[in-house]
Amino acid sequence: MYNNSKEMTQYFRSAVAAQANRGIDFKTDNYYILDPKEVLKGKINPIICKNLFVEANKNTNESKKNSIVNVIICAKTIKTIFEANEKVQEEIEELTGVYYIPAMLNDEGLLLFNEGDKKLPWFPREYLWPMVESKLAIGDSSVVDNSMSDHVDQIEKIKSWMDYADFFMKFYESVTESEFGENSIRNLDSKESVFELEKNMYIFIDNTVNATFHILNLYNHLQQDEQEKSLYNNFISTEETKVHKLIENECSKMQIHCGQMSGEHSLSPSQREAVNHFNCMGDGEILAVNGPPGTGKTTLLQTIVADMYVKRAIKKEKAPLIVASSTNNQAVTNIITSFGNIKKMGISNVEERWIEGVDNFAAYFPSTSKIKEANSKGYQYTSQKGEFFVSDIEDKKNIDKSMAKILRNCNEYFQGEYKDVIACQAKLHDELLYMEKSKKTLLSLAQEISQYDLNGEKIDMYLESLALQIEETQKSIDRICKRISEWEKCYKRIPLLYRLLKFINSFSRKIQTEFRLFINNQEQSFLNEYMGFDEIREEYSHLYNKYNNMLVELRNKKTAIEKIKGQYDEELKHLKQHNIELHGEKDEKYNLELDYINNLIDKKHRYIEFWLAVHYFECRWVSGEDELSEKQKGKNFKNVLEKFYNRLGMITPCLVMTFFMLPKQFLAFGDQRNFFLYNYIDLLIVDEAGQVSPEIAAGAFSLAKKAIVVGDVYQIEPVWSVNRALDKALALSNGAISTLGEFELLEQVGLNTSCSSVMKVAAKCCKYEKFSEKGLLLREHRRCYDEIIDYCNELVYKGNLQPMRGEGKNDEKIAIKKWPQMGFKQIETEYSIRKGSSRINRIEAEQIVQWLRNNFDTIEKAYPTEEKENLVGIITPFKAQVKCIELELKKQMPTNYSKISVGTVHTFQGAERKLIILSTVYGKQEGCFFIDANKSLMNVAVSRAKDNFFVFGDINCLKDTENSASGLLKKCIYKYSIQDTTA
């Protein structure tokens, strides 16, 4: 398959555009029936108008009632034809809308054109040619595009509803080649000539958000821009990157790692492996890191951000521009929360912010609809214009307060009398350089000592051992010298005549007799009576030489190690002078193993280096580096944006936004045109990448230099908005593939838009491989007890996870000892009850809540310091069952119901609870389609539970085959029945 970036860009753009103009599901959205005449006149039935406003205002305060609501009119709907009570077009859903008109409605029932947003009519892309598997084809996508392009001037002239009606009718007719007033529409599919249409129109509240607008804008520019974009080209390349050898965790790599955002724990081996590989990346490269639940991906991301930040501070360069993104707000706000909850280690005031108004290392760029939520949750939120958080901290009064705070804290920390911020900045940088030098010295000493093979002993104990060896070796030499002297005396006692005539056998035998009697037990291993005296002396000379060499070697070794110990002691003394104790009470002071020292450095040097870099950049910020003038504020000229992002990066090194908002933040203006800042972001972090469809994120890679992509392909997949048939058509029509047969190749490398993820694409791009899969793997799992995570390990992770918490049954500190970690409560059920497209099991809901009511006090008492909201979660396959359980909780547990989370697996993605209850819903006669439909769903469900995972339902709905998700679950729980009460 050939690779052409322009064609791939067009393909991704088309896939995004197809999502922007989708149909509305009549099953899930409330709608009202309109007479077409009302729509054309622009005034609707007063009763319908009232109902729409009631619906729009149901979650709005009385003081903020809407006077205008956004609506969508489904103007054309395929009529469902029945013959003998059976649908004729079985492949087409009932009430399939094919033409939608966005509008505004005022409280007098008048329809208005939305001049502000200029939302325009659309046809769902899946009903437009080209398509591969056509079932309903009403027009051509190129005609739609051309028609819109040709009537831009007419759109600008729309001032009244009549103007708008004229426009949307002509637009419909130009695409469909059918009269707007007709009740039929032509079908481009050769099987039928026309489809009959409903006579009515339908009106909905407009709950759609044109979220993809900025992504489409970026793709439009990308198609025209000729700059080299190595990271983007790497992402969209259909060639799989050649595998390179994994990088060893050696001293030289440890020296490169400078910053750590948390001082509580050192990195795990797999986290360190990821950091080492990240530090060897060049521009245009993508590092894929598979992060199963509970393996510390948040710590990894914090470390990488801190490391880049510290390195820039050491070099006195501008702060790095790091952007973390994902598709949903939950994923990005999780990053914000984690970057604001850095546990202080009690070292000193260095662990506090020295400027006013900043308490998080992340800044959030929300959409307009999320600003209220961001404010209520206390996030540091802003925009490209520098509003909200940025505006507050850039206020002159805040900067003056910050300047005073820096001076006060700097003098306290260094016990100095610094008069200005510039002096503080210089001192902080000197201290940063000292810490970096100390880190390198300690690692070099540990590397040096590793050459002497201490066999795991601490250096002081090893020196004592060496001293004993030297003493014993010297004694051995002394014994050799003494024994040689004794042999000389023995030989001299033999008559001279015997010695002179030793060549005669009789005299020789007499000498041998004397020697035989003189040899001791130790000498029998290397001497015998047949040797002459000269031979014996020669043997002893060899032995003397051997021990003497050994003694010299031991003394030299002792001297060298004593020198290293002396340098190490000296380094510890210097660190103490800088108020840093390298060793805690539980640390082994003279353990100089390289990995051990590197782990200590994580918690001390790299952690303190991060805070020193924070304050160093705070000094630069408060001193006015790249400060914007009043005239520049809110502008998006390139030079203004560069200043804006540098200032923001100095105080919040990670900028957080969804992929839907990201392009907007890097759109600049200059030379009378808008343009994007390609290759501008120093690092793009993609979190929860297994949930991001490639076309949503791909464009963002053009704005960055390199990327780290973290996710888990075994958790919940993206919500794909393009089906496979349409995906094929888009790929073929845009030239991403030259024949339909090539589509499978596109799927193999993950570059399709109907069943892939950014995580899969990143694996294709990554140079490294772990356990026969592309990308690195975070292995050490610390969230769940082993009995719980073992299920996930066997289900999807092929045994590659390394459980670190231990088994609950062996944990003396376990909260509730009589409960198993995996168990079930049998609730006899033949069948569940269908409720629309969902299901409920009321008996199951009642018994779950009854059990919780009986045991909630026990759970609370077991976790006295834990927030109630973190204790219990109930997961179920069906939304109807969620509602059923919630109602039952309100009835049976009126004081605590709000503290218990209930939802489908998707609502628990990224969450954790002490106890998770799974409500299966299915009866024994129904099987358990949900559990076995997708292993990822059960992987997420089970791995939410830290201490206990219980299944409530009829266990007989689970399969007996262990290779299925339900069968494996049954194997794990069937021996452990949960009792109603606890002792």
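The figures here come from the full heavy-atom set of this structure, side chains too, leaving out hydrogens, waters and symmetry mates. All residue numbers in this chain count up from 1 along the given sequence.
The existence of a salt bridge linking Lys343 and Glu264 is confirmed by a sub-4.0 Å separation between a basic side-chain nitrogen and an acidic carboxylate oxygen. Look at Glu523 and Arg483 and you find a salt bridge, because one of the NZ, NE, NH1 or NH2 atoms lies within 4.0 Å of a carboxylate O, short of that distance. For Asp283 and Lys705, the salt-bridge test fails: no basic side-chain N is under 4.0 Å from an acidic carboxylate O. Salt-bridge annotation for Lys253 and Glu248: absent, with no side-chain N of the basic residue lying under 4.0 Å from a carboxylate O of the acidic one. Salt-bridge check for Lys798 with Glu773: passed, with a basic side-chain N closer than 4.0 Å to an acidic carboxylate O. Lys774 has a carboxylate O that lies under 4.0 Å from a charged side-chain N of Glu240, or vice versa, which qualifies the two as a salt bridge. Using a 4.0 Å cut-off between charged side-chain N and carboxylate O, Lys492 and Glu488 make no salt bridge. Checked for salt-bridge contact, Asp478 and Lys482 miss the test: no charged N lies under 4.0 Å from a carboxylate O. For Glu285 and Lys767, the salt-bridge test passes: some basic side-chain N is under 4.0 Å from an acidic carboxylate O. A salt bridge is absent between Arg606 and Glu609; no separation between the charged side-chain nitrogens and carboxylate oxygens falls under 4.0 Å. Ion pairing between a basic and an acidic side chain is recognised when a charged N comes within 4.0 Å of a carboxylate O; Lys489 and Glu486 show no such pairing. By the 4.0 Å N-to-carboxylate-O rule, Glu562 lies too far from Lys557 to be salt-bridged with it.
Test Glu273, Lys297, Lys770, Gln802 against Leu778 for side-chain contact (heavy atoms from CB on, under 4.5 Å) and you get one pass: Lys297. Each of Arg805, Arg783, Lys813, Lys817 was checked for a salt bridge (Lys or Arg N to Asp or Glu O under 4.0 Å) with Asp947, and the lone residue meeting it is Arg805.
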- Task: Start with the C-alpha distance between Arg272 and Asp602, add both sets of side-chain angles, then the distance that settles side-chain contact (heavy atoms from CB on, under 4.5 Å), and finish with yes or no.
- Result: CA-CA 10 Å; Arg272 197 173 300 287; Asp602 275 349; 2.4 Å; yes
- Task: Starting from the C-alpha separation in whole Å, work towards a yes-or-no answer on side-chain contact (heavy atoms from CB on, under 4.5 Å) for Ser438 and His574.
- Result: CA-CA 9 Å; Ser438 175; His574 286 315; over 6 Å; no
- Task: Take Asn279 and Asp307, measure what side-chain contact (heavy atoms from CB on, under 4.5 Å) needs, and give me the verdict at the end.
- Result: CA-CA 9 Å; Asn279 279 329; Asp307 193 44; 3.0 Å; yes
- Query: Does the side-chain contact (heavy atoms from CB on, under 4.5 Å) test come out yes or no for Ile564 and Leu592, once each step is laid out?
  - Reply: CA-CA 10 Å; Ile564 293 170; Leu592 259 69; 4.2 Å; yes
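Counting heavy atoms from C-beta outward, Ile304 and Leu683 have side chains that approach closer than 4.5 Å. Residues Tyr590 and Glu457 fail the side-chain proximity criterion, which asks for heavy atoms closer than 4.5 Å. Residues Glu351 and Ile608 have side chains not in contact (no heavy-atom distance under 4.5 Å, counting atoms from C-beta outward). Looking only at side-chain heavy atoms (C-beta outward), Lys975 and Pro820 stay at 4.5 Å or farther from each other.
Separation of the Phe515 and Phe533 ring centroids does not fall under the 6.0 Å cut-off.
Taking the six-membered ring where the residue is Trp, Tyr768 and His277 present perpendicular rings, their angle passing 60° and hence far from 30°. Between His583 and Tyr568, the angle of the ring planes goes over 60°, which puts this pair in the perpendicular group of the 30/60° scheme. Ring geometry for Tyr498 versus Phe507: interplanar angle of 30 to 60°, hence tilted.
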